[in-house]
Each structure stands twice: as C-alpha cells, then as structure tokens.
Amino acid sequence: MAFAEISRVYLDYNATAPLRPEARSATLEALDVLGNPSSIHAEGRRARAIVEEARRAVAALAGVEPRGVVFVSGGTEAANLALTPAIQAPERKGPLTRLILSAGEHPCVLRGHRFAPEATAIAPLQADGRLDLDALVELLARGEGGPLLALQGANNETGVLQPVAEAAALVHAAGGIVVCDAVQLPGRIDLAAATSGADFLFLSAHKFGGPKGAGALIATRSDLSIAAPLLRGGGQERGARAGTENVAAIAGLGAAARLAAAEAATEATRLAALRDRLAQAVRETAPEAVVFGASAPRLPNTLAFAAPGVAAATLLIALDLSGVAVSSGSACSSGKVTPSHVLAAMGIEPELAAGAIRVSFGWASRDEDVDRFVVAFGEALAGLRRRRGVA
C-alpha cells in the first residue's frame with residue numbers, strides 16, 4: 001500500500017493541532033473583509049471589529065481585560081517581545097537586571113530573550129520535571145536588582161505542569177516579574193488557573209485549533225507594559241507591536257479561544273481518559289517502558305515515554321509507516337531527532353532519553369486513535385525485537 005493511501009492517525013497535538021472547523025470558517029470569512037483595521041472608514045471599522053472581538057475572546061480565555069492582549073505571530077515572537085529588561089511596572093524604579101530561565105523551557109525562551117548572557121541564570125528541574133523551588137530561592141537571593149523569571153505553564157515534551165503560582169509568589173517577593181509560556185495549556189486545562197500569579201503569558205493559535213501564524217502576548221495586569229517593542233512603525237497594538245494586524249488569522253485565533261474556554265473542563269477529563277488508557281496499554285505491551293514525569297501533575301493530553309533499548313528515530317519511522325504520527329519531543333529542531341534538554345535536566349540517562357517519544361491528544365482525538373497506536377506500537381516493537389534477536 002502506498003504511503004498516501006494509509007489511513008492516518010494524528011497524535012502530535014503538542015506540535016500543532018488540526019484546524020478547528022469554527023476557526024477555519026472565521027478565518028475564511030475574515031479574508032473577504034476589505035478594510036485595514038487602522039482605517040476609520042466603514043471597511044476599516046469592520047476589520048477592526050473582527051480584531052477586537054477576537055481580543056475579547058482571548059482575554060476571556062485568560063481571565064484578563066482585553067486591553068492586556070497584544071496580537072503577535074506566535075509563541076516565538078511573544079517570547080522575544082516579553083523577555084526583555086524593559087518591562088515597566090509601577091512598583092519598579094528601573095529596568096529588570098537579570099533573567100532566570102527554567103531548565104526545561106522551550107527553545108524560543110532559552111534563545112529568544114533580550115538579556116546579556118552574564119545576566120542570565122538557569123533554574124534546575126527536579127527529577128519529576130518540576131521547577132526546583134529551593135534552587136529558585138537561592139538564585140533570587142544571589143543576584144542584585146529586579147529578576148525576571150521565565151517559566152512554562154506546562155512542558156511541551158513531558159506535559160509536566162509547573163508550579164507557576166508558587167514560583168510567582170517567590171519572584172514577586174523579590175521585586176520581580178514572571179513571564180509564562182502558556183502555549184500548551186488552552187483546550188486542555190483551565191488557562192487562568194494554571195497561570196495564576198504570572199504577570200505575562202503567551203499563546204500560539206495553532207496549538208489549540210487555530211491557524212498557524214497567530215498568537216498573543218497577554219499582560220495579566222493593566223499597569224504592565226513593555227517599553228522596547230521588537231517591531232516599530234505605525235503604532236498598532238497600542239504601540240506594542242507595529243504592523244497591520246493579520247485579521248484573518250486573528251479571527252481564527254479568537255474562534256479557537258472561545259472553544260477552548262467553553263470546553264476546558266470537559267476536555268481535561270476526556271483527554272486524561274485517553275492518555276491513561278494509552279499509558280496502561282504501553283505498560284502491557286512494554287512492561288519495561290518508563291513514563292517521564294509520571295509522579296508529577298501533567299497535562300491530561302500528553303504521554304512521554306521510552307522503552308529501554310529502542311531508539312526514538314527507529315520507532316518514529318516504524319509508527320509513521322504504519323500511519324501513526326507522534327514525535328520525539330519539541331517540533332522546533334528542523335525535523336531532527338535531537339537529544340532532549342528537558343530530559344537531561346530531569347537527570348534521565350542519555351541512553352533512555354534517546355528512546356523518548358511523545359504522544360499528545362487534542363480536540364479531534366478519539367478512542368480509535370488509541371487503539372490504532374497500540375496496534376502499531378506493538379507491531380513496531382515486535383519487529384525491532386526480532387531484528388535484535390530478542391524474544
């Protein structure tokens with residue numbers, strides 16, 4: 001059977017989610033709207049109305065005021081915009097002087113900040129994948145001036161939920177600011193609850209059923225601002241991000257945000273049932289398999305595991321040929337299977353980490369997808385064992 005003829009099962013939602021029909025419709029309808037949202041004529045006002053309706057939807061999802069939402073192209077741009085010494089807050093007399101990065105952050109955070117190397121520090125993870133709060137306390141006490149902490153709401157590779165509220169309390173007591181990568185949260189758990197205490201958070205539409213190329217940086221307090229925008233020009237987005245807004249993509253983001261807000265509770269339960277059923281099946285097929293972050297609170301949609309002695313690249317190819325799409329972790333490494341800095345930060349042995357794969361569910365996932373994965377995984381594992389001469 002040709003590759004294109006295989007009925008595919010998509011289980012890589014943490015990389016990108018299928019476009020939701022409602023988001024598709026909103027995007028297509030907005031493409032037919034003529035005006036520039038900065039124009040004052042009727043056509044411009046119609047485009048502006050689409051943008052502001054989406055802003056209200058994203059704000060409602062995050063539990064903030066609409067004026068705190070700045071539309072950007074996605075998580076990477078949001079990180080580069082927010083991770084700067086130039087965050088202004090009434091309680092701050094000067095710029096932030098140092099950046100603390102959780103060791104498990106996404107590459108767009110680890111590499112996308114605007115702090116000098118000598119002003120940055122890495123906060124370690126515990127063995128379960130959560131931020132080491134005791135180490136954070138030491139880092140906060142060690143430096144001078146205002147700290148900025150970058151901390152994910154949930155890790156994109158393991159699904160481990162981070163202690164955002166606890167970390168934020170420590171950082172605020174030290175006169176600092178918290179920026180939370182919340183990309184993996186919408187459509188899976190309650191966004192506002194999971195990011196409680198963060199001063200800024202950011203989202204990417206395509207992770208929860210919106211179009212690629214749209215995202216948002218969200219200030220949770222009305223008195224916060226960024227004095228040094230990345231894009232300067234016509235002053236769009238209240239001066240935080242110049243350039244004509246991508247009205248169609250923003251419309252799709254707004255539609256996906258409304259769905260994520262409405263479905264958070266029910267989806268969390270449904271996705272957790274799929275994840276747990278898959279975990280049980282993996283244990284039955286490969287009793288030696290190790291689930292990463294199993295002892296920590298995790299996203300309900302994510303299962304990251306490895307079968308000792310099985311290379312991730314080999315397993316991914318076998319599953320792909322069987323029509324099942326999963327990944328080995330972050331999708332931001334040019335399609336390469338590279339060692340995971342997240343698992344290394346958790347103290348996972350390199351040999352085991354080299355076999356890590358990630359299965360992630362989402363809005364269109366069904367019980368049948370679990371069944372297909374279990375069959376494909378069992379067949380792939382049996383084939384690999386036969387080639388190695390293992391019963």
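Note that the numbering runs from 1 along the sequence shown for the chain.
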Enquirer: Could you verify whether a donor N or O on one side chain and an acceptor N or O on the other, from Glu157 and Ser340, lie under 3.5 Å apart?
Expert: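 Present: a donor and an acceptor within the cut-off.
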Enquirer: For Ala219 versus Phe200, what's the shortest heavy-atom pair and its separation?
Expert: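 Heavy-atom minimum between the residues: CB-CE2, 3.6 Å.
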Enquirer: Within this structure, what is the CG-CG distance for the pair Leu101 and Leu131, rounded to the nearest 0.5 Å?
Expert: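 Interatomic distance, Leu101 CG to Leu131 CG, rounded to 0.5 Å: 11.0 Å.
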Enquirer: Counting neighbours of CZ on Arg283 that are heavy atoms of other residues, nucleotides or ligands and sit closer than 6.0 Å, is the number greater than 12?
Expert: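 Enclosed: over 12 neighbouring heavy atoms sit under 6.0 Å from CZ of Arg283.
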Enquirer: May I ask you to decide if Gly159's main-chain N or O and Arg358's side chain share a donor-acceptor pair within less than 3.5 Å?
Expert: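 Here the side-chain-to-backbone pair does not exist.
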Enquirer: Are there over 12 heavy-atom neighbours, none belonging to Arg24, within less than 6.0 Å of that residue's CZ?
Expert: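 For Arg24, atom CZ is not crowded (no more than 12 foreign heavy atoms under 6.0 Å).
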Enquirer: Taking a hydrophobic cluster as the set of Ile, Leu, Val, Met, Phe, Trp and Tyr residues connected by side-chain heavy atoms closer than 4.5 Å, whether directly or through intermediates, do Val359 and Val310 fall within one such cluster?
Expert: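 In one cluster: yes.
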Enquirer: Side chain of Arg221, backbone of Ala89: donor and acceptor closer than 3.5 Å?
Expert: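 Checking the backbone N and O of Ala89 against the side chain of Arg221, no donor-acceptor pair under 3.5 Å is found.
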Enquirer: State, yes or no, whether a side-chain contact exists between Asn156 and Asp181 at a heavy-atom distance under 4.5 Å.
Expert: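 No, every pair of side-chain atoms sits at 4.5 Å or beyond.
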Enquirer: Closest heavy-atom contact between Ala82 and Ile87?
Expert: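 Result for this residue pair: O-CD1, 3.4 Å.
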Enquirer: Decide yes or no for Phe292 and Leu352: does some side-chain heavy atom of the first lie under 4.5 Å from some side-chain heavy atom of the second?
Expert: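 Phe292 reaches Leu352 side chain to side chain.
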Enquirer: Working note: Arg270 + Glu267, criterion salt bridge (Lys or Arg N to Asp or Glu O under 4.0 Å); need CA distance, chi angles, decisive distance, verdict.
Expert: CA-CA 5 Å; Arg270 187 182 74 86; Glu267 277 295 271; 2.7 Å; yes
Enquirer: With no hydrogens and no angle check, is any side-chain donor or acceptor of Thr97 less than 3.5 Å from a backbone partner on Gly146?
Expert: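 Side chain of Thr97 to backbone of Gly146: a pair is present.
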Enquirer: Considering only heavy atoms from C-beta outward, does the side chain of Ser295 approach that of Gln126 to under 4.5 Å?
Expert: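 No, side chains not in contact.
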Enquirer: Would you say the side chain of Leu170 lies within less than 4.5 Å of the side chain of Glu166, judging by non-hydrogen atoms?
Expert: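 No; the side chains remain at least 4.5 Å from each other.
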Enquirer: Is Arg46 salt-bridged to Glu43, cutoff N-O under 4.0 Å?
Expert: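 Looking at Glu43 together with Arg46, the answer is no, because their closest N to O distance does not fall below 4.0 Å.
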Enquirer: Side-chain heavy atoms under 4.5 angstrom apart, residues restricted to Ile, Leu, Val, Met, Phe, Trp, Tyr: same cluster for Val137 and Leu99?
Expert: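 No; tracing contacts between hydrophobic side chains, which count when under 4.5 Å, never links both residues.
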Enquirer: Does the ring-ring contact (aromatic ring centres under 6.0 Å, His included) test come out yes or no for Phe361 and Phe373, once each step is laid out?
Expert: CA-CA 12 Å; Phe361 300 100; Phe373 176 89; 8.5 Å; no
Enquirer: Is there side-chain contact between Val247 and Pro37, with heavy atoms separated by less than 4.5 Å?
Expert: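 Yes, side chains in contact.
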Enquirer: Flag yes if Val183 and Leu61 sit in one hydrophobic cluster, no otherwise; membership is Ile, Leu, Val, Met, Phe, Trp, Tyr, and two members link when side-chain heavy atoms are under 4.5 Å apart.
Expert: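 Val183 does not cluster with Leu61.
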Enquirer: Ignoring hydrogens and angles, tell me if any N or O in the side chain of Thr84 forms a donor-acceptor pair with the backbone of Asn80 under 3.5 Å.
Expert: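 Flag not set: sc Thr84 to bb Asn80 has no pair under 3.5 Å.
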Enquirer: Using a 6.0 Å cut-off, check whether atom CD of Glu52 has over 12 heavy atoms from anything other than its own residue.
Expert: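 Counting neighbours around CD of Glu52, more than 12 heavy atoms of other residues, nucleotides or ligands fall under 6.0 Å, so yes.
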Enquirer: Considering all heavy atoms of both residues, which atom of Gly209 and which atom of Ala17 are nearest to each other, and what is their separation?
Expert: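 Nearest heavy atoms, Gly209 then Ala17: N-CB, 3.7 Å.
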Enquirer: Could you measure the distance from the CZ atom of Arg298 to the CZ atom of Arg188? Nearest 0.5 Å is fine.
Expert: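 Going from CZ on Arg298 over to CZ on Arg188, the span is 14.5 Å.
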Enquirer: Check for me, please, whether Leu151 and Val109 land in the same ILVMFWY cluster - side-chain distances under 4.5 Å, paths through other members count.
Expert: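 Different clusters: Leu151 never reaches Val109 through Ile, Leu, Val, Met, Phe, Trp or Tyr contacts under 4.5 Å.
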Enquirer: Looking only at heavy atoms, which two atoms of Leu299 and Arg275 are closest? And how far apart?
Expert: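 Heavy-atom minimum between the residues: O-NH1, 2.8 Å.
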Enquirer: Using atom types as modelled and distance alone, determine if a side-chain donor or acceptor of Arg372 lies under 3.5 Å from a backbone N or O of Ser7.
Expert: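 Answer holds: yes.
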Enquirer: Hey, what do you get for CG (Leu148) to OG1 (Thr120), rounding to the nearest 0.5 Å?
Expert: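 Leu148 CG to Thr120 OG1: 12.0 Å, rounded to 0.5 Å.
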Enquirer: If you count every heavy atom of other residues, nucleotides or ligands that lies below 6.0 Å from Glu144 atom CD, does the total exceed 12?
Expert: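 Check fails, neighbour count at 12 or below.
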Enquirer: To check you understand the geometry: which heavy-atom pair defines the closest contact between Ala312 and Ser328, and what is its length?
Expert: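 So the minimum-distance heavy-atom pair works out to CB-CB, 4.2 Å.
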Enquirer: With rounding to the nearest 0.5 angstrom, report the CZ to CD1 distance, Arg67 to Ile218.
Expert: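 Answer rounded to 0.5 Å: 14.5 Å.
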Enquirer: With the side chain counted from C-beta on, respond yes when Pro18 and Tyr13 share a heavy-atom pair under 4.5 Å apart, and no when they do not.
Expert: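 Yes, close enough: below the 4.5 Å cut-off.
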Enquirer: Using the rule given for side chain to side chain donor-acceptor pair (under 3.5 Å), can you reason through Asp12 versus Ser327, listing the C-alpha separation, both sets of side-chain angles and the distance that settles it, and then say yes or no?
Expert: CA-CA 6 Å; Asp12 199 15; Ser327 75; 3.2 Å; yes
Enquirer: Output yes when Arg8 and Asp320 qualify as a salt bridge under the 4.0 Å nitrogen-oxygen rule, no when they do not.
Expert: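 So Arg8 pairs with Asp320 through a salt bridge.
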Enquirer: I'd like to check Leu96 versus Phe115 (side-chain heavy atoms, cut-off strictly below 4.5 Å). Are they in contact?
Expert: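 Of all side-chain heavy-atom pairs linking Phe115 with Leu96, at least one is under 4.5 Å.
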Enquirer: For the pair Glu237 (side chain) and Phe71 (backbone), establish whether a donor and an acceptor sit closer than 3.5 Å, ignoring hydrogens and angles.
Expert: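 Such a contact is found between Glu237 side chain and Phe71 backbone.
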Enquirer: Does Thr266 use its side chain to pair, donor to acceptor, with the backbone of Glu263 at less than 3.5 Å?
Expert: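 Indeed, once roles are kept as given, a pair shorter than 3.5 Å links the two residues.
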Enquirer: Report the C-alpha separation of Ile177 and Val171 in whole Å, then their side-chain angles, then the decisive distance to 0.1 Å, and conclude whether the side-chain contact (heavy atoms from CB on, under 4.5 Å) test is met.
Expert: CA-CA 7 Å; Ile177 294 290; Val171 173; 5.7 Å; no
Enquirer: Is there a donor-acceptor contact under 3.5 Å from the side chain of Arg48 to the main chain of Ile40?
Expert: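 Not confirmed, Arg48 side chain does not pair with Ile40 backbone.
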Enquirer: Would you say that Ser222 contacts Glu65 through its side chain, given a criterion of any heavy-atom pair below 4.5 Å between the two side chains?
Expert: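 In short, these two side chains do not touch, never coming nearer than 4.5 Å.
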Enquirer: Within the supplied structure, the quantity of interest is the number of heavy atoms (other residues, nucleotides, ligands) at a distance under 6.0 Å from Gln280 CD; does it exceed 12?
Expert: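 Result for CD/Gln280: enclosed.
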Enquirer: Drop me the distance from Leu319's CG to Thr314's OG1, to the nearest 0.5 angstrom.
Expert: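 Rounded to the nearest 0.5 Å, the CG-OG1 separation comes out at 11.0 Å.
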Enquirer: Would Glu77 and Leu231 satisfy side-chain contact (heavy atoms from CB on, under 4.5 Å), going step by step from the backbone distance to the final call?
Expert: CA-CA 10 Å; Glu77 183 187 341; Leu231 301 180; 3.9 Å; yes
Enquirer: Return yes when atom CG of Leu28 has more than 12 non-hydrogen atoms of other residues, nucleotides or ligands closer than 6.0 Å, and no otherwise.
Expert: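 Check passes, neighbour count above 12.
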Enquirer: Considering all heavy atoms of both residues, which atom of Asp128 and which atom of Val160 are nearest to each other, and what is their separation?
Expert: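 The answer is O-CG2, 3.5 Å.
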Enquirer: Can you list the steps and then say if Leu161 with Ile189 is a side-chain contact (heavy atoms from CB on, under 4.5 Å)?
Expert: CA-CA 10 Å; Leu161 296 170; Ile189 61 174; 3.7 Å; yes
Enquirer: If you apply the rule side-chain contact (heavy atoms from CB on, under 4.5 Å), what do you find for Leu139 with Arg142, and how did you get there?
Expert: CA-CA 5 Å; Leu139 286 170; Arg142 190 180 304 165; 3.5 Å; yes
Enquirer: Backbone N or O of Ala256 within a donor-acceptor pair of the Glu22 side chain at under 3.5 Å?
Expert: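 Side chain of Glu22 to backbone of Ala256, a donor-acceptor pair under 3.5 Å: no, none is there.
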Enquirer: Nearest 0.5 Å, please: how far is CD in Glu105 from CD1 in Ile100?
Expert: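 It is 12.0 Å, given to the nearest 0.5 Å.
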Enquirer: Is it true that Asp371 and Arg277 make a salt bridge, defined as a side-chain N closer than 4.0 Å to a carboxylate O?
Expert: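 Salt bridge between Asp371 and Arg277, a charged N being under 4.0 Å from a carboxylate O: yes.
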Enquirer: Would a single hydrophobic cluster contain both Leu83 and Val70, if residues Ile, Leu, Val, Met, Phe, Trp and Tyr are joined by side-chain heavy-atom contacts under 4.5 Å?
Expert: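 They do share one cluster, since a chain of ILVMFWY contacts under 4.5 Å joins Val70 to Leu83.
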Enquirer: With distance as the sole test, does Ser360 use its side chain to make a donor-acceptor pair with the main-chain N or O of Asn14 at under 3.5 Å?
Expert: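 At least one qualifying donor-acceptor pair exists.
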